[in-house]
There are 2 protein chains.
Amino acid sequence: MARQKGIGTRRAAGNGGETRLSRAAVGRFSLYLRHLEPFEREGVDTVSSRRLAQELGLTDAQVRKDIAFLGSLGHRGVGYPTRDLIAALRRRLGIDRQWNVAVAGVGNLARALLRYRGFKQQGFRIVALFDADPAQIGRRVEGLEVHAPDALGRIIGQSGAELALLTVPADAAQGVADGLVAAGIRGILNFAPVVLRLPKHISLVAVDLAIQLEQLAFLVDRQGKG
Amino acid sequence: MARQKGIGTRRAAGNGGETRLSRAAVGRFSLYLRHLEPFEREGVDTVSSRRLAQELGLTDAQVRKDIAFLGSLGHRGVGYPTRDLIAALRRRLGIDRQWNVAVAGVGNLARALLRYRGFKQQGFRIVALFDADPAQIGRRVEGLEVHAPDALGRIIGQSGAELALLTVPADAAQGVADGLVAAGIRGILNFAPVVLRLPKHISLVAVDLAIQLEQLAFLVDRQGKG
DNA sequence: GGATGTGAACGACTTCACAGCG
DNA sequence: CGCTGTGAAGTCGTTCACATCC
(Lines give C-alpha, C1' and ligand atoms only; values in the text may rest on other atoms or scores of the structure.)
Protein backbone atom coordinates (compact mmCIF):
# COMPACT_ATOMS: atom_id res chain seq x y z
CA MET A 1 0.00 0.00 0.00
CA ALA A 2 1.10 3.55 -0.66
CA ARG A 3 4.51 2.36 -1.80
CA GLN A 4 6.52 3.76 -4.63
CA LYS A 5 5.41 3.22 -8.18
CA GLY A 6 7.63 2.22 -11.06
CA ILE A 7 11.36 2.52 -11.44
CA GLY A 8 11.77 3.55 -7.85
CA THR A 9 14.16 1.67 -5.71
CA ARG A 10 17.46 2.08 -7.44
CA ARG A 11 20.53 1.82 -5.24
CA ALA A 12 23.91 3.56 -5.55
CA ALA A 13 26.18 1.96 -8.18
CA GLY A 14 26.18 -1.71 -9.21
CA ASN A 15 25.97 -3.76 -6.08
CA GLY A 16 29.24 -2.61 -4.57
CA GLY A 17 30.92 -4.83 -2.01
CA GLU A 18 29.47 -4.17 1.44
CA THR A 19 26.59 -6.47 2.13
CA ARG A 20 24.58 -5.78 5.26
CA LEU A 21 24.81 -8.06 8.25
CA SER A 22 21.86 -10.41 7.99
CA ARG A 23 19.63 -11.28 10.85
CA ALA A 24 20.25 -14.97 10.29
CA ALA A 25 23.98 -14.38 10.54
CA VAL A 26 23.55 -12.72 13.92
CA GLY A 27 21.83 -15.86 15.21
CA ARG A 28 24.75 -17.92 14.01
CA PHE A 29 27.18 -15.61 15.79
CA SER A 30 25.64 -16.68 19.08
CA LEU A 31 25.97 -20.27 18.00
CA TYR A 32 29.63 -19.88 17.15
CA LEU A 33 30.27 -18.12 20.40
CA ARG A 34 28.73 -20.80 22.54
CA HIS A 35 30.50 -23.52 20.65
CA LEU A 36 33.89 -21.80 20.92
CA GLU A 37 33.83 -20.98 24.60
CA PRO A 38 34.54 -24.55 25.74
CA PHE A 39 37.39 -24.70 23.20
CA GLU A 40 39.11 -21.82 24.87
CA ARG A 41 38.94 -23.55 28.24
CA GLU A 42 40.27 -26.76 26.71
CA GLY A 43 43.19 -24.97 25.15
CA VAL A 44 42.09 -25.34 21.53
CA ASP A 45 43.70 -22.15 20.33
CA THR A 46 42.93 -22.40 16.63
CA VAL A 47 39.81 -23.49 14.80
CA SER A 48 39.08 -23.83 11.08
CA SER A 49 35.90 -22.94 9.25
CA ARG A 50 35.62 -26.60 8.30
CA ARG A 51 35.61 -27.80 11.87
CA LEU A 52 33.07 -25.22 13.02
CA ALA A 53 30.88 -26.02 10.05
CA GLN A 54 30.89 -29.74 10.64
CA GLU A 55 30.18 -29.50 14.33
CA LEU A 56 27.36 -27.00 13.89
CA GLY A 57 25.80 -28.49 10.77
CA LEU A 58 26.68 -25.63 8.42
CA THR A 59 28.85 -25.25 5.32
CA ASP A 60 32.41 -24.05 5.63
CA ALA A 61 31.82 -21.25 3.14
CA GLN A 62 29.03 -19.89 5.26
CA VAL A 63 31.17 -19.90 8.36
CA ARG A 64 33.89 -17.99 6.54
CA LYS A 65 31.43 -15.45 5.14
CA ASP A 66 29.97 -14.88 8.56
CA ILE A 67 33.33 -14.47 10.23
CA ALA A 68 34.45 -12.12 7.49
CA PHE A 69 31.99 -9.60 8.96
CA LEU A 70 34.17 -9.47 12.04
CA GLY A 71 37.21 -8.42 10.07
CA SER A 72 40.18 -10.36 8.75
CA LEU A 73 41.14 -12.34 11.77
CA GLY A 74 41.93 -15.69 10.18
CA HIS A 75 45.35 -16.95 9.17
CA ARG A 76 45.48 -18.66 5.80
CA GLY A 77 46.52 -22.24 5.94
CA VAL A 78 45.90 -22.27 9.69
CA GLY A 79 42.48 -21.12 10.83
CA TYR A 80 41.08 -18.61 13.30
CA PRO A 81 42.59 -17.92 16.73
CA THR A 82 39.91 -19.04 19.19
CA ARG A 83 40.55 -16.20 21.59
CA ASP A 84 40.35 -13.41 19.02
CA LEU A 85 37.31 -14.95 17.42
CA ILE A 86 35.44 -15.09 20.72
CA ALA A 87 36.36 -11.51 21.53
CA ALA A 88 35.26 -10.29 18.10
CA LEU A 89 31.98 -12.18 18.34
CA ARG A 90 31.21 -10.73 21.74
CA ARG A 91 32.00 -7.24 20.57
CA ARG A 92 29.91 -7.59 17.43
CA LEU A 93 26.97 -9.03 19.34
CA GLY A 94 27.13 -6.14 21.76
CA ILE A 95 27.76 -8.40 24.75
CA ASP A 96 31.26 -7.25 25.52
CA ARG A 97 29.70 -5.49 28.47
CA GLN A 98 27.01 -6.14 31.06
CA TRP A 99 23.31 -5.76 30.31
CA ASN A 100 20.85 -5.24 33.11
CA VAL A 101 17.54 -7.00 32.62
CA ALA A 102 14.10 -6.64 34.18
CA VAL A 103 11.58 -9.48 34.30
CA ALA A 104 7.86 -8.75 34.11
CA GLY A 105 5.69 -11.64 35.26
CA VAL A 106 7.14 -14.02 37.84
CA GLY A 107 5.65 -17.37 36.82
CA ASN A 108 7.32 -20.67 36.14
CA LEU A 109 8.83 -19.46 32.91
CA ALA A 110 10.41 -16.49 34.65
CA ARG A 111 11.77 -18.76 37.36
CA ALA A 112 13.28 -21.01 34.75
CA LEU A 113 14.90 -18.00 33.10
CA LEU A 114 16.16 -16.69 36.44
CA ARG A 115 17.97 -19.94 37.11
CA TYR A 116 19.31 -20.28 33.59
CA ARG A 117 23.07 -20.00 33.88
CA GLY A 118 23.56 -19.15 30.23
CA PHE A 119 22.31 -15.61 30.75
CA LYS A 120 24.74 -14.66 33.49
CA GLN A 121 27.57 -16.28 31.60
CA GLN A 122 26.96 -13.99 28.65
CA GLY A 123 26.82 -10.85 30.70
CA PHE A 124 23.10 -10.55 31.33
CA ARG A 125 22.20 -9.66 34.90
CA ILE A 126 18.64 -9.77 36.10
CA VAL A 127 18.11 -6.78 38.34
CA ALA A 128 14.36 -6.32 38.82
CA LEU A 129 11.18 -8.38 39.06
CA PHE A 130 7.57 -7.34 38.61
CA ASP A 131 4.25 -9.10 39.00
CA ALA A 132 0.65 -8.01 39.21
CA ASP A 133 -0.34 -10.72 41.71
CA PRO A 134 -0.60 -9.14 45.21
CA ALA A 135 0.43 -12.48 46.71
CA GLN A 136 3.78 -12.25 44.94
CA ILE A 137 4.54 -8.59 45.60
CA GLY A 138 7.14 -8.11 48.30
CA ARG A 139 8.29 -11.72 48.16
CA ARG A 140 11.81 -12.61 47.12
CA VAL A 141 12.63 -14.87 44.22
CA GLU A 142 16.23 -15.88 43.66
CA GLY A 143 17.27 -13.07 45.96
CA LEU A 144 15.29 -10.35 44.22
CA GLU A 145 12.20 -8.58 45.53
CA VAL A 146 9.05 -8.72 43.45
CA HIS A 147 7.64 -5.25 42.76
CA ALA A 148 4.15 -4.07 41.87
CA PRO A 149 3.47 -2.88 38.31
CA ASP A 150 3.00 0.69 39.48
CA ALA A 151 6.63 0.71 40.62
CA LEU A 152 7.86 0.08 37.07
CA GLY A 153 9.01 3.62 36.38
CA ARG A 154 10.85 4.03 39.65
CA ILE A 155 12.49 0.61 39.89
CA ILE A 156 13.54 0.36 36.25
CA GLY A 157 15.18 3.73 36.52
CA GLN A 158 17.02 2.79 39.73
CA SER A 159 18.13 -0.61 38.53
CA GLY A 160 19.48 0.57 35.22
CA ALA A 161 17.67 -2.16 33.33
CA GLU A 162 17.75 -1.67 29.56
CA LEU A 163 16.22 -4.99 28.50
CA ALA A 164 13.08 -6.75 29.71
CA LEU A 165 11.79 -10.30 29.62
CA LEU A 166 8.03 -10.27 29.21
CA THR A 167 6.50 -13.40 30.69
CA VAL A 168 3.01 -12.25 31.61
CA PRO A 169 -0.25 -13.74 30.32
CA ALA A 170 -1.22 -12.86 26.77
CA ASP A 171 -4.02 -10.49 27.70
CA ALA A 172 -1.76 -8.41 29.93
CA ALA A 173 1.22 -8.32 27.58
CA GLN A 174 0.54 -5.17 25.58
CA GLY A 175 -0.26 -3.13 28.66
CA VAL A 176 2.83 -4.23 30.53
CA ALA A 177 4.95 -3.68 27.43
CA ASP A 178 3.70 -0.11 27.23
CA GLY A 179 4.63 0.36 30.87
CA LEU A 180 8.10 -1.00 30.27
CA VAL A 181 8.61 1.35 27.35
CA ALA A 182 7.38 4.30 29.38
CA ALA A 183 9.83 3.31 32.10
CA GLY A 184 12.71 3.60 29.67
CA ILE A 185 13.35 0.00 28.60
CA ARG A 186 15.06 -0.21 25.19
CA GLY A 187 14.34 -3.80 24.16
CA ILE A 188 11.82 -6.53 25.00
CA LEU A 189 12.08 -10.29 24.72
CA ASN A 190 8.42 -11.26 24.48
CA PHE A 191 7.20 -14.72 25.46
CA ALA A 192 3.50 -13.89 25.37
CA PRO A 193 1.68 -15.26 22.34
CA VAL A 194 0.57 -11.91 20.96
CA VAL A 195 1.94 -9.49 18.39
CA LEU A 196 3.12 -6.44 20.32
CA ARG A 197 2.82 -2.90 19.00
CA LEU A 198 5.82 -0.87 20.06
CA PRO A 199 7.43 2.42 19.07
CA LYS A 200 10.01 1.99 16.31
CA HIS A 201 12.95 2.80 18.53
CA ILE A 202 12.24 -0.13 20.86
CA SER A 203 13.79 -3.44 19.81
CA LEU A 204 11.69 -6.56 19.98
CA VAL A 205 12.39 -10.27 19.81
CA ALA A 206 9.52 -12.71 20.16
CA VAL A 207 9.70 -16.32 21.32
CA ASP A 208 6.48 -18.20 20.82
CA LEU A 209 6.55 -21.68 22.28
CA ALA A 210 3.28 -22.89 20.79
CA ILE A 211 4.50 -21.89 17.35
CA GLN A 212 7.67 -23.89 17.78
CA LEU A 213 5.74 -26.96 18.81
CA GLU A 214 3.42 -26.51 15.83
CA GLN A 215 6.42 -26.31 13.54
CA LEU A 216 7.60 -29.59 14.96
CA ALA A 217 4.22 -31.21 14.42
CA PHE A 218 4.29 -29.95 10.84
CA LEU A 219 7.72 -31.44 10.21
CA VAL A 220 6.80 -34.80 11.71
CA ASP A 221 3.51 -34.88 9.86
CA ARG A 222 5.32 -34.09 6.61
CA GLN A 223 8.00 -36.68 7.27
CA GLY A 224 5.24 -39.25 7.64
CA LYS A 225 3.79 -38.37 4.24
CA GLY A 226 5.94 -37.37 1.27
CA MET B 1 32.29 -31.07 1.30
CA ALA B 2 32.16 -34.10 -0.86
CA ARG B 3 29.31 -32.44 -2.70
CA GLN B 4 28.66 -32.81 -6.36
CA LYS B 5 30.89 -31.09 -8.85
CA GLY B 6 29.71 -29.24 -11.90
CA ILE B 7 26.38 -29.48 -13.64
CA GLY B 8 24.87 -31.51 -10.86
CA THR B 9 21.75 -30.32 -9.24
CA ARG B 10 19.33 -30.00 -12.11
CA ARG B 11 15.66 -30.11 -11.26
CA ALA B 12 12.78 -31.37 -13.39
CA ALA B 13 11.77 -28.87 -16.07
CA GLY B 14 12.25 -25.09 -15.95
CA ASN B 15 10.95 -23.84 -12.66
CA GLY B 16 7.39 -24.99 -13.23
CA GLY B 17 4.76 -23.42 -11.03
CA GLU B 18 4.80 -25.24 -7.69
CA THR B 19 7.04 -23.51 -5.22
CA ARG B 20 7.84 -25.40 -2.03
CA LEU B 21 6.36 -24.34 1.25
CA SER B 22 9.01 -22.36 3.09
CA ARG B 23 9.84 -22.79 6.71
CA ALA B 24 9.16 -19.15 7.39
CA ALA B 25 5.71 -19.50 5.89
CA VAL B 26 4.91 -22.36 8.24
CA GLY B 27 5.74 -20.15 11.18
CA ARG B 28 3.36 -17.54 9.85
CA PHE B 29 0.62 -20.16 9.50
CA SER B 30 0.69 -20.60 13.27
CA LEU B 31 0.50 -16.86 13.64
CA TYR B 32 -2.53 -16.60 11.36
CA LEU B 33 -4.20 -19.43 13.16
CA ARG B 34 -3.82 -17.94 16.58
CA HIS B 35 -4.97 -14.57 15.37
CA LEU B 36 -8.03 -15.99 13.65
CA GLU B 37 -9.32 -18.18 16.44
CA PRO B 38 -10.72 -15.30 18.50
CA PHE B 39 -12.38 -13.95 15.35
CA GLU B 40 -14.36 -17.12 14.96
CA ARG B 41 -15.63 -16.86 18.54
CA GLU B 42 -16.54 -13.22 17.98
CA GLY B 43 -18.48 -14.03 14.86
CA VAL B 44 -16.12 -12.36 12.39
CA ASP B 45 -16.88 -14.69 9.53
CA THR B 46 -14.79 -13.08 6.81
CA VAL B 47 -11.31 -11.62 6.91
CA SER B 48 -9.23 -9.89 4.23
CA SER B 49 -5.52 -10.23 3.55
CA ARG B 50 -5.20 -6.54 4.27
CA ARG B 51 -6.67 -6.82 7.72
CA LEU B 52 -4.56 -9.82 8.67
CA ALA B 53 -1.45 -8.11 7.32
CA GLN B 54 -2.02 -4.91 9.24
CA GLU B 55 -2.76 -6.62 12.52
CA LEU B 56 0.20 -8.96 12.27
CA GLY B 57 2.70 -6.51 10.84
CA LEU B 58 3.05 -8.15 7.43
CA THR B 59 2.29 -7.12 3.85
CA ASP B 60 -1.00 -8.08 2.27
CA ALA B 61 0.74 -9.70 -0.68
CA GLN B 62 2.61 -11.99 1.65
CA VAL B 63 -0.55 -13.02 3.43
CA ARG B 64 -2.19 -13.86 0.10
CA LYS B 65 0.83 -15.81 -1.11
CA ASP B 66 0.89 -17.80 2.10
CA ILE B 67 -2.79 -18.57 2.04
CA ALA B 68 -2.56 -19.58 -1.61
CA PHE B 69 -0.66 -22.65 -0.39
CA LEU B 70 -3.83 -23.80 1.28
CA GLY B 71 -5.80 -23.76 -1.96
CA SER B 72 -8.16 -21.23 -3.44
CA LEU B 73 -10.40 -20.55 -0.51
CA GLY B 74 -10.83 -16.81 -0.83
CA HIS B 75 -13.70 -14.97 -2.50
CA ARG B 76 -12.69 -12.04 -4.68
CA GLY B 77 -14.03 -8.75 -3.49
CA VAL B 78 -14.88 -10.27 -0.13
CA GLY B 79 -12.03 -12.03 1.64
CA TYR B 80 -11.47 -15.40 3.25
CA PRO B 81 -14.12 -17.25 5.28
CA THR B 82 -12.71 -17.40 8.80
CA ARG B 83 -13.95 -20.89 9.47
CA ASP B 84 -12.56 -22.44 6.30
CA LEU B 85 -9.28 -20.63 6.72
CA ILE B 86 -8.84 -21.95 10.26
CA ALA B 87 -9.67 -25.48 9.19
CA ALA B 88 -7.25 -25.33 6.27
CA LEU B 89 -4.49 -23.95 8.46
CA ARG B 90 -4.94 -26.66 11.06
CA ARG B 91 -4.92 -29.34 8.42
CA ARG B 92 -1.84 -27.96 6.72
CA LEU B 93 0.01 -27.61 10.01
CA GLY B 94 -0.83 -31.19 10.86
CA ILE B 95 -2.70 -30.21 14.01
CA ASP B 96 -6.14 -31.31 12.88
CA ARG B 97 -5.67 -34.18 15.30
CA GLN B 98 -4.20 -34.78 18.74
CA TRP B 99 -0.46 -35.13 19.36
CA ASN B 100 0.82 -36.89 22.44
CA VAL B 101 3.92 -35.32 23.93
CA ALA B 102 6.55 -36.53 26.39
CA VAL B 103 8.62 -34.16 28.52
CA ALA B 104 12.18 -35.05 29.47
CA GLY B 105 13.54 -33.01 32.37
CA VAL B 106 11.06 -31.70 34.91
CA GLY B 107 12.56 -28.35 35.89
CA ASN B 108 10.98 -24.92 35.98
CA LEU B 109 10.89 -24.66 32.23
CA ALA B 110 9.02 -27.95 31.97
CA ARG B 111 6.57 -26.83 34.63
CA ALA B 112 5.96 -23.62 32.74
CA LEU B 113 5.31 -25.62 29.59
CA LEU B 114 3.00 -28.02 31.43
CA ARG B 115 0.84 -25.15 32.57
CA TYR B 116 0.87 -23.37 29.24
CA ARG B 117 -2.68 -23.46 27.97
CA GLY B 118 -1.75 -22.78 24.37
CA PHE B 119 -0.51 -26.33 23.92
CA LYS B 120 -3.68 -28.09 24.94
CA GLN B 121 -5.73 -25.63 22.92
CA GLN B 122 -3.88 -26.64 19.77
CA GLY B 123 -4.26 -30.36 20.34
CA PHE B 124 -1.04 -31.15 22.15
CA ARG B 125 -1.46 -33.41 25.16
CA ILE B 126 1.40 -34.04 27.54
CA VAL B 127 1.28 -37.70 28.48
CA ALA B 128 4.61 -38.61 30.08
CA LEU B 129 7.29 -37.05 32.28
CA PHE B 130 10.89 -38.11 32.83
CA ASP B 131 13.67 -36.90 35.10
CA ALA B 132 17.02 -38.25 36.19
CA ASP B 133 16.78 -36.80 39.69
CA PRO B 134 15.85 -39.61 42.14
CA ALA B 135 14.07 -37.04 44.31
CA GLN B 136 11.65 -36.33 41.46
CA ILE B 137 11.01 -39.88 40.34
CA GLY B 138 7.63 -41.16 41.45
CA ARG B 139 6.34 -37.69 42.30
CA ARG B 140 3.40 -36.22 40.47
CA VAL B 141 3.53 -32.95 38.58
CA GLU B 142 0.32 -31.55 37.17
CA GLY B 143 -1.26 -34.94 37.64
CA LEU B 144 1.44 -36.92 35.86
CA GLU B 145 3.93 -39.28 37.44
CA VAL B 146 7.62 -38.60 36.89
CA HIS B 147 9.45 -41.63 35.51
CA ALA B 148 13.11 -42.63 35.60
CA PRO B 149 15.13 -42.40 32.39
CA ASP B 150 15.42 -46.17 32.17
CA ALA B 151 11.65 -46.37 31.77
CA LEU B 152 11.77 -44.31 28.56
CA GLY B 153 11.25 -47.20 26.18
CA ARG B 154 8.35 -48.71 28.11
CA ILE B 155 6.49 -45.54 29.01
CA ILE B 156 6.86 -43.81 25.65
CA GLY B 157 5.49 -46.89 23.96
CA GLN B 158 2.53 -47.12 26.34
CA SER B 159 1.68 -43.45 26.24
CA GLY B 160 1.74 -43.15 22.48
CA ALA B 161 3.92 -40.04 22.62
CA GLU B 162 5.28 -39.04 19.23
CA LEU B 163 6.83 -35.69 20.16
CA ALA B 164 9.14 -34.78 23.02
CA LEU B 165 10.10 -31.59 24.81
CA LEU B 166 13.73 -31.75 25.86
CA THR B 167 14.35 -29.54 28.88
CA VAL B 168 17.32 -31.25 30.51
CA PRO B 169 20.70 -29.63 31.21
CA ALA B 170 23.00 -29.13 28.23
CA ASP B 171 25.42 -31.89 29.14
CA ALA B 172 22.66 -34.50 29.37
CA ALA B 173 20.79 -33.45 26.26
CA GLN B 174 22.41 -35.61 23.59
CA GLY B 175 22.17 -38.76 25.72
CA VAL B 176 18.52 -38.22 26.58
CA ALA B 177 17.75 -37.37 22.96
CA ASP B 178 19.28 -40.65 21.86
CA GLY B 179 17.10 -42.44 24.40
CA LEU B 180 13.99 -40.68 23.13
CA VAL B 181 14.80 -41.66 19.58
CA ALA B 182 15.40 -45.27 20.60
CA ALA B 183 12.04 -45.22 22.37
CA GLY B 184 10.31 -44.31 19.13
CA ILE B 185 9.85 -40.55 19.39
CA ARG B 186 9.50 -38.89 15.97
CA GLY B 187 10.27 -35.26 16.76
CA ILE B 188 12.08 -33.28 19.45
CA LEU B 189 11.66 -29.69 20.58
CA ASN B 190 15.04 -28.97 22.10
CA PHE B 191 15.54 -26.26 24.73
CA ALA B 192 19.05 -27.30 25.70
CA PRO B 193 21.76 -25.00 24.34
CA VAL B 194 23.57 -27.64 22.29
CA VAL B 195 23.45 -28.75 18.68
CA LEU B 196 21.86 -32.22 18.70
CA ARG B 197 22.91 -34.96 16.33
CA LEU B 198 19.90 -37.02 15.32
CA PRO B 199 19.04 -39.53 12.60
CA LYS B 200 17.65 -37.85 9.49
CA HIS B 201 14.16 -39.24 9.96
CA ILE B 202 13.74 -37.51 13.33
CA SER B 203 12.44 -33.94 13.16
CA LEU B 204 14.07 -31.29 15.28
CA VAL B 205 13.19 -27.77 16.32
CA ALA B 206 15.53 -25.88 18.61
CA VAL B 207 14.65 -23.01 20.91
CA ASP B 208 17.65 -21.33 22.41
CA LEU B 209 16.78 -18.69 24.94
CA ALA B 210 20.27 -17.28 25.36
CA ILE B 211 20.51 -16.77 21.62
CA GLN B 212 17.26 -14.84 21.59
CA LEU B 213 18.42 -12.57 24.37
CA GLU B 214 21.72 -12.03 22.55
CA GLN B 215 19.81 -11.07 19.41
CA LEU B 216 17.93 -8.52 21.44
CA ALA B 217 21.14 -7.10 22.88
CA PHE B 218 22.52 -6.85 19.36
CA LEU B 219 19.47 -4.97 18.14
CA VAL B 220 19.48 -2.55 21.04
CA ASP B 221 23.20 -2.02 20.73
CA ARG B 222 22.82 -1.32 17.03
CA GLN B 223 19.89 1.02 17.57
CA GLY B 224 22.09 3.02 19.93
CA LYS B 225 24.78 3.41 17.27
CA GLY B 226 24.04 3.83 13.54
C1' DG C 1 -15.36 -1.09 -6.10
C1' DG C 2 -12.86 -4.29 -3.65
C1' DA C 3 -10.24 -8.17 -2.80
C1' DT C 4 -8.10 -12.43 -4.49
C1' DG C 5 -4.51 -14.99 -7.11
C1' DT C 6 -0.18 -14.78 -9.43
C1' DG C 7 3.73 -14.00 -12.95
C1' DA C 8 7.60 -11.10 -12.76
C1' DA C 9 10.90 -8.14 -10.58
C1' DC C 10 13.46 -7.63 -6.78
C1' DG C 11 16.27 -8.41 -2.85
C1' DA C 12 18.40 -11.36 0.62
C1' DC C 13 20.91 -15.20 1.76
C1' DT C 14 23.75 -19.33 0.52
C1' DT C 15 26.89 -21.98 -2.04
C1' DC C 16 30.43 -22.36 -5.52
C1' DA C 17 34.87 -21.97 -6.94
C1' DC C 18 39.06 -20.12 -6.95
C1' DA C 19 42.71 -16.50 -6.21
C1' DG C 20 45.84 -15.36 -2.61
C1' DC C 21 48.80 -16.10 1.05
C1' DG C 22 51.09 -18.17 5.07
C1' DC D 1 49.63 -27.67 0.55
C1' DG D 2 45.85 -25.94 3.52
C1' DC D 3 42.76 -22.66 4.71
C1' DT D 4 41.09 -17.99 4.38
C1' DG D 5 38.69 -14.33 1.89
C1' DT D 6 35.62 -13.15 -1.74
C1' DG D 7 33.54 -12.19 -6.42
C1' DA D 8 30.15 -14.66 -9.07
C1' DA D 9 26.42 -17.72 -9.52
C1' DG D 10 22.61 -19.73 -7.70
C1' DT D 11 18.62 -20.34 -4.72
C1' DC D 12 15.07 -18.86 -1.90
C1' DG D 13 11.69 -15.74 -0.21
C1' DT D 14 9.23 -11.23 -0.53
C1' DT D 15 7.12 -7.44 -2.80
C1' DC D 16 5.09 -5.34 -6.91
C1' DA D 17 1.57 -4.74 -9.98
C1' DC D 18 -2.13 -6.13 -12.42
C1' DA D 19 -5.52 -9.32 -14.60
C1' DT D 20 -9.52 -11.43 -12.80
C1' DC D 21 -13.69 -12.15 -10.79
C1' DC D 22 -17.69 -11.48 -7.23
Side-chain angles (χ1 to χ4, degrees), chain A residues 1-29 32 45-54 56-82 84-85 88, chain B residues 1-12 14-29 31-32 45-54 56-82 84-85 88:
Chain A
M1 299 121 234
R3 293 289 160 85
Q4 297 200 8
K5 264 289 284 298
I7 330 109
T9 347
R10 204 76 60 79
R11 274 295 135 78
N15 65 351
E18 267 299 291
T19 319
R20 266 268 184 296
L21 187 49
S22 80
R23 169 116 182 202
V26 177
R28 285 192 302 271
F29 282 167
Y32 299 146
D45 57 311
T46 297
V47 68
S48 69
S49 57
R50 180 124 91 99
R51 175 170 183 184
L52 269 176
Q54 282 182 339
L56 294 173
L58 304 168
T59 66
D60 51 344
Q62 179 156 66
V63 172
R64 288 199 295 278
K65 267 266 155 82
D66 285 345
I67 294 179
F69 274 110
L70 306 171
S72 273
L73 36 78
H75 297 294
R76 290 167 197 247
V78 182
Y80 302 92
T82 312
D84 296 0
L85 190 45
Chain B
M1 275 122 260
R3 293 288 160 85
Q4 298 199 7
K5 263 292 282 300
I7 332 107
T9 345
R10 204 75 60 81
R11 273 296 134 77
N15 65 352
E18 268 298 290
T19 320
R20 269 267 183 296
L21 187 50
S22 79
R23 168 116 185 203
V26 177
R28 286 193 299 271
F29 281 167
L31 219 55
Y32 299 147
D45 58 312
T46 296
V47 68
S48 68
S49 56
R50 181 122 92 96
R51 177 171 182 183
L52 269 177
Q54 281 182 340
L56 294 172
L58 305 168
T59 67
D60 51 346
Q62 178 155 68
V63 172
R64 289 199 297 277
K65 266 269 156 81
D66 285 345
I67 294 178
F69 274 110
L70 305 171
S72 272
L73 36 79
H75 299 293
R76 291 168 196 247
V78 182
Y80 302 92
T82 313
D84 297 359
L85 190 45

Asks: When we call it a touch if two heavy atoms are under 4.0 Å apart, what does A:R51 touch: a base, just sugar-phosphate, or nothing?
Replies: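 No contact at all - A:R51 keeps every heavy atom at 4.0 Å or more from the nucleic acid.
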
Asks: Identify, between B:V47 and A:A25, the residue whose nearest nucleotide on DNA chain C lies closer to the 5' end.
Replies: B:V47

Asks: When you measure from the side chain of B:A24, which nucleotide among D:dT14, C:dT6, D:dG5 comes out closest?
Replies: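 From the listed options, D:dT14 comes nearest.
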
Asks: Does B:L73 reach a base, just sugar-phosphate, or nothing at all? Heavy atoms under 4.0 Å.
Replies: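 Since only primed, P, OP1 and OP2 atoms lie under 4.0 Å of B:L73, the category is sugar-phosphate.
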
Asks: Specify the separation, in whole Å, of atom CG of B:D60 and atom P of C:dG2.
Replies: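 Rounded to the whole Å, the gap is 14 Å.
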
Asks: Rounded off to whole Å, could you give me the CZ-to-P distance for the A:R50 and D:dG5 pair?
Replies: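 The distance from CZ of A:R50 to P of D:dG5 comes to 17 Å, rounded to the nearest Å.
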
Asks: Any N or O donor-acceptor pair linking the side chain of A:K65 to the base of C:dT15 at under 3.5 Å?
Replies: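 Counting by modelled atom types and ignoring angles, a donor-acceptor contact under 3.5 Å is found here.
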
Asks: In terms of side-chain heavy atoms of B:Q62, which of C:dT14, D:dT15, C:dT4 is nearest?
Replies: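 Minimum distance to the B:Q62 side chain belongs to D:dT15.
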
Asks: Do B:Y32 and B:L70 have side chains that approach each other closer than 4.5 Å (heavy atoms only, starting at C-beta)?
Replies: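 The answer is no, as the side chains (C-beta and beyond) never meet within the 4.5 Å cut-off.
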
Asks: With respect to the side chain of B:A68, which nucleotide from C:dT6, D:dG13, D:dT4 is positioned closest?
Replies: C:dT6

Asks: What protein N or O atoms touch nucleotides 19-22 of chain D N or O atoms at under 3.5 angstrom, if any, and at what distances?
Replies:
{"residue": "D:dT20", "atom": "O2", "partner": "B:R76", "partner atom": "NH1", "Å": "2.5"}

Asks: Measure from the side chain of A:R64, starting at C-beta and using heavy atoms only, and say which of C:dT15, C:dC18, C:dT6 lies closest.
Replies: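 So the side chain of A:R64 is nearest to C:dC18.
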
Asks: Contact between A:Y80 and A:R64 at the side-chain level, heavy atoms closer than 4.5 Å - yes or no?
Replies: yes

Asks: If you look at every strand shown and take non-hydrogen atoms under 4.0 Å, does A:L70 touch a base, only sugar-phosphate, or nothing?
Replies: nothing

Asks: Output the rounded distance in Å from CG (B:D66) to P (C:dT4).
Replies: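 So the two atoms are 13 Å apart, to the nearest Å.
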
Asks: Could you tell me the separation between the OH atom of B:Y80 and the P atom of C:dG2, rounded to a whole number of Å?
Replies: 17 Å

Asks: Write down the distance between CG (A:L85) and C1' (D:dT4), rounded to a whole number of angstrom.
Replies: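 That distance rounds to 13 Å.
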
Asks: Quick one: which of C:dT15, C:dT4, D:dC16 gets closest to the side chain of B:A61?
Replies: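 Minimum distance to the B:A61 side chain belongs to D:dC16.
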
